[in-house]
Amino acid sequence: MRPRVSLITLGVRSLKRARRFYERGLGWKPSRLSSDSIVFYQLDGGMVFSLYGMEELATDANQDPAGRPADSFSGVALAHNVGDPAEVDRLLNRVLRHGATVTRPARKTSWGGYAGYFADPDGHVWEVAWNPHFPLDDAGGMQLPS
C-alpha cells in the first residue's frame, strides 16, 4: 500500500453547525458535490476532508455511535502547520471566535517550534503548529527530511 491519506471524514453531531465552523472559522470552501447530508472540502496536495453525520458514519463503518462519550479524547489529533509563530496565534484566535475551544494555548515547544491546540464544536482536536524543522513549500506542503 502506498503511504497516502486521500480523505478524512469527521463524524459530527450537527452537520449545519460543523459546516458553519469550518467555513467561517477556517475559511474553507465547500465542493459543489456537498449536500445536506455530507460536506466535502478540497485540501492542498490532492487530499479531501469531509463532514458527515455521526450516526450515519457509525452505521456506515458498522460502529456504535454511543461507544465513546462525545467529550472524551479519541486519541487522534489533526494538524495544520503554518509558516511562522504569529500565524499560530492568528488561527487560534480566529477559530475561538467561531466556536472552537482552545485546549492548550500556543507556546514554545520542547522541539523548538511553537504550537497550540483547539477542539472544534464536536470535540475533534487540532494542533496548529510552526515547526522550524519541517519548512513548508510554496504550496504549503510539508516534506519530511530524508
Q | Test side-chain contact (heavy atoms from CB on, under 4.5 Å) applied to Arg32 - qualifying residues, sequence neighbours left out | A | none
Q.
Tell me every residue that passes side-chain contact (heavy atoms from CB on, under 4.5 Å) with Arg17, counting only those two or more places apart in sequence or in another chain.
A. Arg13, Ser14, Arg20, Pro121, Asp122
(Q) What I'd like to find out is whether the side chain of Leu43 reaches to under 4.5 Å of the side chain of Val48, using heavy atoms alone. (A) no
Q. Considering only heavy atoms from C-beta outward, does the side chain of Phe40 approach that of Leu7 to under 4.5 Å?
A. yes
Q) Any side-chain heavy-atom pair from Asp89 and Tyr114 closer than 4.5 angstrom? A) yes
Identify every side-chain donor-acceptor pair in residues 49-59 under 3.5 Å, counting partners at least two apart or on other chains, and give the distances.
from	atom 1	to	atom 2	distance (Å)
Ser50	OG	Thr9	OG1	2.6
Thr59	OG1	Glu55	O	3.0

Q) Quick one: does Val12's side chain get under 4.5 Å of Arg19's, heavy atoms only? A) no
Q | Contacts of Ser6 that satisfy side-chain contact (heavy atoms from CB on, under 4.5 Å) - sequence neighbours left out | A | Arg4
Q.
Show me the pairs that pass side-chain hydrogen bond (donor to acceptor under 3.5 Å, both in side chains) and involve residues 129-140, at least two apart or across chains.
A. none
Q | Nearest heavy-atom neighbours spanning Pro30 and Val39 | A | CB-CG1, 4.1 Å
Q.
Return the CH2 to CG distance between Trp126 and Leu91, rounded to the nearest 0.5 Å.
A. 9.0 Å
Q) Taking only residues two or more places apart in sequence or in another chain, which ones pass salt bridge (charged side-chain N to carboxylate O under 4.0 Å, His left out) with Glu127? A) none
Q) For residues 94-110, which residue pairs qualify under salt bridge (charged side-chain N to carboxylate O under 4.0 Å, His left out), counting only residues two or more places apart or in two chains? A) none
Q) NE2 of His124 to CG of Leu10: how many Å apart, nearest 0.5 Å? A) 4.5 Å
Q.
For Tyr41, give me all partners under ring pair (Phe, Tyr, Trp, His ring centres under 6.0 Å), at least two apart in sequence or on another chain.
A. Trp28
Q.
For Val125 and Leu78: C-alpha separation, side-chain torsions, deciding distance, then whether side chain to side chain contact (heavy atoms under 4.5 Å, CB included) applies.
A. CA-CA 6 Å; Val125 176; Leu78 302 168; over 6 Å; no
**Q.** Inter-residue atom distance Thr101.OG1 - Leu96.CG, 0.5 Å rounding
**A.** 8.0 Å
Q: Apply side chain to side chain donor-acceptor pair (under 3.5 Å) to Ser110 and list each qualifying residue two or more places apart in sequence or on a separate chain.
A: none
Q.
I need the Ile38 CD1 to Asp36 CG distance, nearest 0.5 Å.
A. 12.0 Å
Q | Whichever hydrophobic residues join Val76 through chains of side-chain contacts under 4.5 Å | A | none
Taking only distance into account, with no hydrogens and no angle test, what donor-acceptor pairs under 3.5 Å do side-chain atoms of residues 80-88 form with protein atoms, sequence neighbours excluded?
from	atom 1	to	atom 2	distance (Å)
Asp84	OD1	Ala86	N	2.9
Asp84	OD1	Glu87	N	3.0
Glu87	OE2	Gly83	N	3.1

Q: Just jot down the side-chain contact (heavy atoms from CB on, under 4.5 Å) partners of Val5, sequence neighbours excluded, or say none.
A: Ile8, Met47
